[in-house]
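Everything below concerns the one structure shown next.
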Amino acid sequence: MIKDSEDRYILAIESSCDDTSAAVMQDTRALSNVIANQDVHKAYGGVVPELASRAHQKNIIPVVEEAMKRAGIHKQQLSAIAYTQGPGLMGALLVGNAFAKSMATALDIPLIDVNHMQAHILAHFIKDERQAIPEFPFLALTISGGHTQIVLVKDFFDMEVIGTTLDDAIGEAFDKCGKMMNLPYPAGPHIDKLAKKGDPDTFPFNKPKVKGLDFSFSGVKTAVKYFLQEETAKDPDFVKNNLEDICASLQKTLVNIIYDKMLKAAAQYGIDRIAIGGGVSANSSIRNTFYQLREKGFHIYIPAFDYCTDNAAMIGIVGYYKYLKKEFSHEESISRSRFPIS
Ligand code: KG4
Ligand code: ZN
């Protein structure tokens, strides 16, 4: 049953990795956006897929109930249910798929499949006083623990990946290097905080030479590993005594890699609108470095923090635009661990 009422409420569900999230959208506005983080992975220094699936199963009903409660609407008012079809961890995705499918069937409303990577980009279109909406075409940089991509965005559903990582994602580089320095998982926010008190020019790490608009981060990770091994052999307290400078130096290297590539992409495509998303866009040095480009006439967009990290509101905004196109999925819709953006 497709409802054509004036009030269009879409329930959105995200479960691709280690956050269980549910949001209720009223058209392009998020009435609620509840995110349950899974602390269970901290002890392992990374996401354990099996534990993620189990935690999603435990969290999904309370998270959806809380999202409905905060939005102040009743299930019968929902027009559709949008959920993350992929990419992501298969067991985690299956929980969201099964839940969304069952609820849509029970309520007899359409189900909408959403690509998580498209969602990170369309998060810029959530109507919220904290953020501005980019005009097409623009360049989107999606940086997270799982992805590092430059996407040419021509329209809502007309996107082309023009650069991607050949190995690790930038968030992984932050997290794995942090682990070498015994920082808690995820290390990104800790490195950001420590770097503020350090000198970024103390330990220059080489930037990788990668052709075109692609990225590589595994070289930096290896360089940091050998550097730390050599230095701690000489001084066992090296990391402890130089933590802030190491963090600042590492962060500068990682930020420079993405900055150089975005400038190259902007020149190549003649586009001065850059929209950044994904959990790593919370990084203060990334924010400052890109915001400084405004002085050179660039338009820089970074969503509100809760729309940057994995969240269901971004799934809901894609759901909304697909709802307008009546692009619904079917009972046989399946989760996709790999799911290209275009
Ligand atoms: O998008 P996200 O919540 O989850 C996915 O990976 O999909 O991103 C998480 C990543 C982690 O690698 C985390 O270390 C990183 O974002 N991160 C940061 C900061 N805040 C989160 N990295 C650097 N600086 C930060 N302030
Ligand atoms: Zn993500």
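Read the numbers this way: they start at 1 and go in the same order the structure lists the ligands and their atoms. All values reported here derive from a predicted model rather than from experimental measurement.
Note: an N/O pair closer than 3.5 Å links G145 and ligand 1 by distance alone. Residue-to-ligand polar distances keep H120 apart from ligand 1: every N/O pair is separated by 3.5 Å or more. Looking at ligand 1, you'll find an N or O of G188 within less than 3.5 Å of one of its N or O atoms.
Scanning all heavy atoms of the two residues, the minimum distance from I334 to Y83 falls at O-OH, 4.5 Å.
Linking ILVMFWY side-chain heavy atoms closer than 4.5 Å, directly or via other members, places V255 and L293 in a single hydrophobic cluster. L141 and L139 fall within a single hydrophobic cluster, where Ile, Leu, Val, Met, Phe, Trp and Tyr side chains are chained together by heavy-atom contacts under 4.5 Å.
For atom 24 (N) of ligand 1, the closest non-hydrogen atom of the protein is N283 ND2, 3.0 Å. Of the protein's heavy atoms, D175 OD2, 3.5 Å lies nearest to atom 11 (C) of ligand 1.
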Take Q118 and V151 through the test side-chain contact (heavy atoms from CB on, under 4.5 Å) and record every step on the way to the result.
-> CA-CA 10 Å; Q118 273 185 354; V151 179; over 6 Å; no

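A distance below 6.0 Å separates the ring centres of F125 and F156.
Under a 4.0 Å criterion applied to the non-hydrogen atoms of S144, ligand 1 contributes the atoms 1 (O), 5 (C), 6 (O), 7 (O), 8 (O). Within the listing of ligand 1, atoms 13 (C), 14 (O) sit less than 4.0 angstrom from a heavy atom of P186.
Cation-pi geometry between R130 and Y307 is met: the NZ or CZ atom falls under 6.0 Å from the ring centre, inside 45° of the normal.
Sparse packing is recorded around CD1 of I61, with 12 or fewer heavy atoms of other residues, nucleotides or ligands lying under 6.0 Å away. Heavy-atom contacts from other residues, nucleotides or ligands closer than 6.0 Å to CG of L324 number more than 12.
If you check each of I143, I191, V280, D192 against atom 15 (C) of ligand 1, the one with the closest non-hydrogen atom is V280. When the heavy atoms of G277, G88, G279 are ranked by distance to atom 16 (O) of ligand 1, first place goes to G279.
Here C17 fails the criterion, with no N, O or S atom under 2.8 Å of the Zn ion (ligand 2). In summary, no N, O or S atom of H147 is located under 2.8 Å from the Zn ion (ligand 2).
Heavy-atom separations between P189 and ligand 1 include at least one value shorter than 4.0 Å.
The parts of D310 lying near ligand 1 are both backbone and side chain, judged by heavy-atom distances below 4.0 Å.
Note on ring orientation: taking the six-membered ring where Trp is involved, the planes of F238 and F227 are perpendicular (angle over 60°, cut-offs 30° and 60°).
Minimum-distance N/O/S atom of D310 relative to the Zn ion (ligand 2): OD1.
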